[in-house]
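A quick write-up on the structure given underneath.
This structure is a prediction, so every number in the text was calculated from the model and none was measured.
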Amino acid sequence: MRSIKLIVFDMDKTLLNDDGKISDKTLSTLRNLKKCGYKLAIASGRNHFLVKIDEFNEDLIDYYICSNGSIIFDNEFNLIFKASISNETLEKIVNICVNNNISLLFNFLDGSYVYNNYKRIEDMILHWVGGIENLHDETIFKKHHKTENAFSGMIENAYDMEIFNSVPNIGYDLIFEDKYDIFVKGINKLTGIEKICEIINVPLNEVMAFGDNHNDYEMIKNVGVGISMRNGIDKIKSVAKYITSSNNEDGITEAVKLYNLI
């Protein structure tokens with residue numbers, strides 16, 4: 001049995017059930033892991049305004065890898081790392097989205113700014129997480145990036161991704177259907193984990209990670225113990241060391257007990 005020092009959790013459909021809640025059993029498991037001395041981290045596609053849920057109190061989570069590794073915070077939300085999308089690249093994305101009726105949002109430290117199709121983005125976020133705090137309408141001026149570099153974004157109603165081939169240094173991850181995360185090329189949840197490993201001096205093979213979707217692929221494949229939820233997509237299951245029960249069946253508890261972590 002390898003030694004595990006850091007445990008990383010995706011949020012949606014992994015740590016959280018289909019109702020977007022963390023079960024009492026899973027929460028108790030996290031608290032027990034913390035008492036046993038493990039470092040705990042979140043690795044989510046959510047931005048930094050959406051990862052801090054009420055249950056994450058008492059310094060339960062040590063690190064937050066947000067926006068698929070584009071920005072990282074410690075447990076007091078001190079900034080550790082921030083990627084930067086250049087203004088030239090951002091403006092190319094804006095032009096493509098406006099000309100093709102693609103909804104577009106960019107994430108900044110002070111909030112999320114919608115550059116195209118505000119109402120559609122607003123409705124989508126309300127449906128996903130039930131809140132729109134720090135969401136701003138930038139569809140008229142489209143210039144917030146002049147004051148601060150964006151670190152990630154999201155597009156919706158994008159059915160032909162080849163139209164973005166001319167945009168340099170940008171990566172895309174499918175969320176589902178016509179929705180994609182946007183980030184600096186080469187950034188992902190695994191690169192975020194690697195930065196934390198450098199800080200706490202833990203090798204990657206002493207990391208356990210849980211995930212279910214496309215943006216979890218690199219971390220599930222490359223950490224010491226990558227675990228897929230049973231509700232995960234086949235791509236994730238194919239590289240996981242273990243497939244645990246679903247997010248609605250306290251799969252995290254099952255796996256950490258299987259590996260004798262608690």
Side-chain angles (χ1 to χ4, degrees), residues 2 4-15 38-52 61-75 77-86 89-90 93 105-109 112 148-155 161 164 167-175 179-229 232-233 235-236 238-241:
R2 72 183 77 225
I4 297 297
K5 302 289 191 344
L6 170 66
I7 308 173
V8 184
F9 308 93
D10 169 52
M11 286 187 66
D12 297 289
K13 306 292 186 180
T14 298
L15 188 63
Y38 300 102
K39 295 292 185 182
L40 306 183
I42 295 297
S44 177
R46 295 186 181 204
N47 66 33
H48 54 302
F49 295 108
L50 298 176
V51 296
K52 195 72 162 65
I61 304 300
D62 295 290
Y63 297 96
Y64 294 87
I65 302 167
C66 310
S67 296
N68 296 318
S70 297
I71 194 163
I72 305 172
F73 297 88
D74 66 15
N75 64 346
F77 269 74
N78 297 308
L79 182 64
I80 293 174
F81 169 80
K82 174 181 175 287
S84 292
I85 299 173
S86 72
T89 295
L90 184 147
I93 296 171
L105 170 150
F106 286 110
N107 291 310
F108 300 84
L109 280 173
S112 299
E148 176 195 343
N149 284 115
F151 55 83
S152 68
M154 181 180 66
I155 55 177
M161 292 301 293
F164 292 96
V167 181
N169 302 318
I170 284 292
Y172 307 91
D173 251 334
L174 177 67
I175 303 173
K179 301 164 184 64
Y180 292 80
D181 286 318
I182 305 171
F183 45 86
V184 175
K185 192 172 184 178
I187 294 289
N188 53 57
K189 292 183 180 184
L190 178 65
T191 62
I193 292 171
E194 289 172 337
K195 291 182 187 303
I196 293 173
C197 285
E198 290 175 7
I199 293 171
I200 62 177
N201 194 28
V202 168
L204 199 59
N205 66 1
E206 294 182 0
V207 178
M208 175 182 283
F210 292 82
D212 72 297
N213 212 340
H214 296 277
N215 60 347
D216 300 314
Y217 178 79
E218 290 86 359
M219 73 171 184
I220 297 301
K221 181 180 179 181
N222 291 289
V223 300
V225 181
I227 296 178
S228 172
M229 312 305 289
I233 62 173
K235 180 179 179 180
I236 299 301
S238 70
V239 295
K241 297 289 195 304

Pair H48-F108, ring pair (Phe, Tyr, Trp, His ring centres under 6.0 Å): steps then yes or no: CA-CA 10 Å; H48 54 302; F108 300 84; over 10 Å; no

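- By the 4.5 Å heavy-atom criterion applied to side chains, N215 and F183 are not counted as neighbours.
- Rounding to the nearest 0.5 Å gives a distance of 5.5 Å between OG1 of T89 and CD1 of I170.
- Between L90 and F106 the shortest side-chain heavy-atom distance falls below 4.5 Å.
- Side-chain atoms of K189 come within 3.5 Å of backbone atoms of A43 as a donor-acceptor pair (strictly under, hydrogens ignored).
- Inter-residue side-chain proximity for D212 and K13 is flagged as met; some heavy-atom pair is nearer than 4.5 Å.
- Rounded to the nearest 0.5 Å, atoms CD (E218) and CD1 (I187) are 11.0 Å apart.
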Side chain to side chain contact (heavy atoms under 4.5 Å, CB included) assessment of K241 paired with I227: CA-CA 6 Å; K241 297 289 195 304; I227 296 178; 5.6 Å; no

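- A donor-acceptor pair is defined here as one N or O able to donate and one able to accept, closer than 3.5 Å; such a pair exists between the side chain of D62 and the backbone of L40.
- Proximity of V202 to K39: side-chain heavy atoms (C-beta onward) are nowhere separated by under 4.5 Å.
- Judged purely by atom type and a 3.5 angstrom limit, E194 has no side-chain atom pairing as donor or acceptor with the backbone of L204.
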Start with the C-alpha gap between M11 and V51, add the side-chain angles, then the distance that decides, and say whether side chain to side chain contact (heavy atoms under 4.5 Å, CB included) holds. CA-CA 8 Å; M11 286 187 66; V51 296; 4.0 Å; yes

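- Atoms CG and CE, from L105 and M154 in turn, are 5.0 Å apart once rounded to the nearest 0.5 Å.
- Looking at heavy atoms from C-beta onward, I155 lies in side-chain contact with I182 at the 4.5 angstrom threshold.
- Side chain to side chain, S152 and S70 fail the donor-acceptor criterion of an N or O pair below 3.5 Å.
- Across G186 and T191, no two heavy atoms sit closer than the pair O-CG2, 3.3 Å.
- Residues F151 and A83 come closest through the heavy atom pair CB-O, 3.1 Å.
- Few gaps surround NZ on K179; more than 12 heavy atoms of other groups in view lie less than 6.0 Å from it.
- Contact of the N213 side chain with the I236 side chain is not registered, since no non-hydrogen atoms from C-beta on lie closer than 4.5 Å.
- At least one donor-acceptor pair closer than 3.5 Å links the side chain of D74 to the backbone N or O of N78.
- At a threshold of 4.5 Å between non-hydrogen side-chain atoms, the residues D173 and Y217 do not count as touching.
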Evaluate the side chain to side chain contact (heavy atoms under 4.5 Å, CB included) criterion for residues V8 and F210: first the C-alpha distance (whole Å), next the side-chain angles of each, then the deciding distance (0.1 Å), finally the verdict. CA-CA 6 Å; V8 184; F210 292 82; over 6 Å; no

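- To the nearest 0.5 Å, atoms CD1 (I80) and CD1 (I71) are separated by 10.5 Å.
- Remark: side-chain polar atoms of N222 are not paired, donor with acceptor, to backbone N or O of M219 under 3.5 angstrom.
- The number of heavy-atom neighbours closer than 6.0 Å to CG of N201, taken from other residues, nucleotides and ligands shown, is 12 or below.
- Legend: residues meeting salt bridge (Lys or Arg N to Asp or Glu O under 4.0 Å) with K5, ordered by chain and number and at least two apart, are E206.
- Defined by atom type and a distance below 3.5 Å, a donor-acceptor pair is missing between the side-chain atoms of N68 and N188.
- Side-chain contact check for Y63 versus I61: every heavy-atom pair is 4.5 Å or farther apart.
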In sequence, state the C-alpha distance, the side-chain angles, and the governing distance for C197 and L6, and then conclude on side chain to side chain contact (heavy atoms under 4.5 Å, CB included). CA-CA 8 Å; C197 285; L6 170 66; 4.2 Å; yes

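- Using cut-offs of 30° and 60° on the angle between ring planes, the pair Y172 and F164 is tilted.
- A distance of 12.5 Å separates NZ in K235 from CD1 in I220, rounded to the nearest 0.5 Å.
- At distances below 3.5 Å, at least one donor-acceptor pair connects side-chain atoms of K82 with backbone N or O atoms of N149.
- Annotation: the span from C66 atom SG to I72 atom CD1 amounts to 8.5 Å, rounded to 0.5 Å.
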Show the numbers, then the answer: is there a ring pair (Phe, Tyr, Trp, His ring centres under 6.0 Å) between F77 and Y64? CA-CA 8 Å; F77 269 74; Y64 294 87; 4.7 Å; yes

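- In this model, a donor atom of one side chain and an acceptor atom of the other lie less than 3.5 Å apart for N47 and N107.
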